[in-house]
Amino acid sequence: KAGVTQTPRYLIKTRGQQVTLSCSPISGHRSVSWYQQTPGQGLQFLFEYFSETQRNKGNFPGRFSGRQFSNSRSEMNVSTLELGDSALYLCASSLSGTSDVTQYFGPGTRLTVL
Amino acid sequence: GNSVTQMEGPVTLSEEAFLTINCTYTATGYPSLFWYVQYPGEGLQLLLKATKADDKGSNKGFEATYRKETTSFHLEKGSVQVSDSAVYFCALSVNTDKLIFGTGTRLQVFP
């Protein structure tokens, strides 16, 4: 079974631009979560989508948004990029709807904002 | 609130040494506990998990036991290899699909 895939793997943007990251979950997984990883703040939860609905949200500004499609694929968008948005963005999928909340991660998208 | 505390790194060991990475947690309710490993330039890989008190998770020679009385989930391995060099994250989840992570512990193993 294929793992979680994320595209693109690397991105370079400039301040003020916007960016869209994509995540395809493991087949059969209906929940997709997004995390930001930085050296200073560590791993922080952004949001979680299940059945095309945002079910959980972390403490990030409204510039960070996401959506989920009917095939469970998810996208994350960051508008008006700031230097501090440079990070590794990780997507994780889980079955959800069961007692097993184990999340499986993709390789991440490395975003650099210049 | 819910939180995870990990020992500071880096942990530096010689090959075949015994490894312990401490992890304690604070949680309301009954969390599931996880260890993830991150190799350079990669995402997180699930190493092991435990979903209730006294459960022992194990994988690739690593073990961790869910200790409710001490709110701990320490990671251990009897004999580390150079290939185990990575960053290890302890995490918890309480009734949701949101993971709360510790700060990570870098392990360096030298031949």
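By convention in this document, chain letters (A, B, ...) are assigned in the order of the sequence lines, proteins followed by strands, and residues within each chain are numbered from 1. No hydrogens, no waters, no symmetry mates; every other heavy atom, side chains included, goes into these values.
- Residue A:Q44: no heavy atom, backbone or side chain, is found under 4.5 Å from chain B.
- The side-chain heavy atoms of A:W34 and A:Q6, taken from C-beta on, include a pair separated by under 4.5 Å.
- Transitive grouping of hydrophobic side chains (ILVMFWY, heavy atoms separated by less than 4.5 Å) keeps A:M76 and A:L88 in distinct clusters.
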Q: Apply the test side-chain contact (heavy atoms from CB on, under 4.5 Å) to residues B:E76 and B:F18: give CA-CA distance (whole Å), side-chain angles for both, the deciding distance (0.1 Å), then the verdict.
A: CA-CA 7 Å; B:E76 296 182 336; B:F18 184 85; 3.9 Å; yes
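- In terms of non-hydrogen atom pairs under 4.5 Å with chain B, the most contact-rich of A:C91, A:P107, A:G42 is A:P107.
- Linking ILVMFWY side-chain heavy atoms closer than 4.5 Å, directly or via other members, places A:Y104 and B:V87 in a single hydrophobic cluster.
- Taking hydrophobic clusters as Ile, Leu, Val, Met, Phe, Trp and Tyr residues chained together by side-chain heavy-atom distances below 4.5 Å, B:L33 shares a cluster with B:F62.
- Under the rule for a ring-ring contact (aromatic ring centres under 6.0 Å, His included), B:F89 has no partner lying at least two apart in sequence or in another chain.
- Interface remark: B:L44 contributes backbone and side-chain atoms alike to the contact with chain A (heavy atom separation under 4.5 Å).
- Contact annotation for B:Q38: only side-chain heavy atoms (C-beta onward) come within less than 4.5 Å of a heavy atom of chain A.
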Q) Could you walk me through whether A:T109 and A:T7 pass the side-chain contact (heavy atoms from CB on, under 4.5 Å) check? A) CA-CA 7 Å; A:T109 294; A:T7 56; over 6 Å; no
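- Chain B is approached within less than 4.5 Å, heavy atom to heavy atom, by A:R9 from residues 8-16 of chain A, ordered by number.
- Salt-bridge check for A:E48 with B:K98: failed, with every basic side-chain N at 4.0 Å or more from each acidic carboxylate O.
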